[in-house]
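Data first, discussion second: the structure below is written as C-alpha cells.
Whatever order the structure lists ligands and atoms in, that order sets their numbers, starting from 1.
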Amino acid sequence: MMNKYLPQVEENRKASYEVDPVFLNRWSPRSFKQDPVPDEVLFSLFEAARWAPSASNEQPWRFILARSREDKERFYPFIADGNRVWCEKAPVLALILSKTVNVKGAHNRAHAFDAGAAWGYLALEATRRGLITHAMGGFDPDKAREVLGVPDEYELHAVIAIGYQGEKDALPEHLQEREKPSGRRELSETVFEGVFGRT
Ligand SMILES: Cc1cc2nc3c(=O)[nH]c(=O)nc-3n(C[C@H](O)[C@H](O)[C@H](O)COP(=O)(O)O)c2cc1C
C-alpha cells in the first residue's frame, strides 16, 4: 500500500514486526490546512469504509458530513471546546454513527465493533492518499442527535476531522508539543496465549 514511513513517523514509531508502513503512517495530527478535499478523494475514503466486514453484512455504519459553512456551524456547538480550537480549520467533519438494531429488529451486538472497522478502513485510505484524519469522542452526543435529527436506533460514536496536514506552528502553543505520532505498548501486553493474561 505505501512503501515508506513519513519522516515524523520514522522519528517516533517503530514496529516490532514487519507491516505495511500505512499502519504506522496513520496518526492523528491536529494542525489542518484549510484546503478543501475534492469529492473524488473524499468519497474514496467512504468507499474504503464501505468494504469493511460487519456481522451478517448489516453495514451498521453511517456518516453525516459537514463541509459547507452552514453545516459546520451546526456541528461546532456540540464539539468540545478543546477540540474546536483545532478542528475548525479542517475542511471536512464527519460524524460516525451506527444502527443498533438489525434487519430483524433485534439488537445488533456488533454495531459499534463494525463501525470501528469502517472508521479504521477510512483512516487508512486517507493516509494512503496523503490526507490526515483525527477522531474526536469529545462532543455532546445528545446535542448532536437533536440538531442533526438522528433517530433513536442509531448510536453516535465520534466526529472525524478530515483534511490535509498543516504546520505545527499554526497550532496554539499548548498543542504544539503534542503534535507528533504516539507510541504503543508492547504486543506481549496485548496478545494472550490460550487464556486471559497468559503471555
Ligand atoms: C473514538 C476516539 C475518540 C477520540 N477522541 C479524541 C478527542 O476528543 N480529542 C482528541 O484530540 N483526540 C481524540 N482521539 C484521538 C486519540 O487520542 C488518538 O487516536 C490516540 O492518542 C492514538 O494516537 P494516533 O491516532 O495519533 O495514533 C480519539 C480517538 C478515537 C479513536
Side-chain angles (χ1 to χ4, degrees), residues 1-2 5-17 19-33 45-46 48-49 52 54 60-64 66 72 75-98 100 110-145 150 154-168 170-187 189-190:
M1 286 201 276
M2 283 188 115
Y5 290 113
L6 299 171
Q8 302 142 311
V9 169
E10 186 89 61
E11 272 170 44
N12 291 288
R13 292 185 157 174
K14 189 157 170 31
S16 302
Y17 293 87
V19 287
D20 191 292
V22 75
F23 295 105
L24 278 72
N25 284 346
R26 185 223 54 80
W27 67 285
S28 306
R30 291 186 175 82
S31 185
F32 282 80
K33 282 187 192 153
L45 314 191
F46 296 101
S54 63
W61 47 78
R62 302 287 189 276
F63 304 94
I64 303 177
K72 284 181 183 168
F75 270 50
Y76 294 150
F78 62 72
I79 296 175
D81 291 344
N83 288 326
R84 268 185 78 164
V85 291
W86 55 266
C87 84
E88 286 198 6
K89 281 201 180 153
V92 184
L93 298 174
L95 176 72
I96 301 195
L97 42 160
S98 60
T100 59
H111 72 91
F113 186 79
D114 296 344
W119 137 246
Y121 278 29
L122 180 161
L124 291 174
E125 180 62 18
T127 303
R128 204 182 70 78
R129 287 174 168 271
L131 279 84
I132 60 167
T133 55
H134 196 135
M136 293 172 271
F139 74 101
D140 181 337
D142 298 331
K143 215 167 168 180
R145 183 184 294 284
V150 177
Y154 289 83
E155 188 173 318
L156 288 70
H157 298 295
V159 179
I160 314 296
I162 302 170
Y164 299 98
Q165 192 173 1
E167 295 294 326
K168 180 164 130 178
L171 283 172
E173 215 158 288
H174 71 284
L175 292 177
Q176 289 184 21
E177 66 206 47
R178 296 169 67 189
E179 193 72 345
K180 59 175 190 214
S182 54
R184 293 295 186 265
R185 65 170 173 268
E186 292 299 323
L187 257 193
E189 296 172 56
T190 301

Straight-line distance of Trp119 CH2 to Leu124 CG, nearest 0.5 Å: 9.0 Å
Is it the case that atom NZ in Lys180 sees more than 12 heavy atoms from other parts of the structure closer than 6.0 Å? no
Not counting sequence neighbours, list each pair that qualifies as a side-chain hydrogen bond (donor to acceptor under 3.5 Å, both in side chains) and has a residue in residues 130-145. none
With rounding to the nearest 0.5 Å, note down the distance linking CZ in Arg13 to CH2 in Trp27. 8.5 Å
Anything with a heavy atom under 4.0 Å from ligand 1 counts, so go ahead and list those protein residues by chain and number. Arg13, Arg26, Trp27, Ser28, Arg30, Asn83, Trp86, His134, Ala135, Met136, Gly137, Gly138, Ser182, Arg184
Qualifying salt bridge (Lys or Arg N to Asp or Glu O under 4.0 Å) pairs with a residue from residues 76-93, counting only residues at least two apart or across chains: Arg84-Glu88
For Glu155, what residues pass the side-chain hydrogen bond (donor to acceptor under 3.5 Å, both in side chains) criterion, not counting sequence neighbours? none
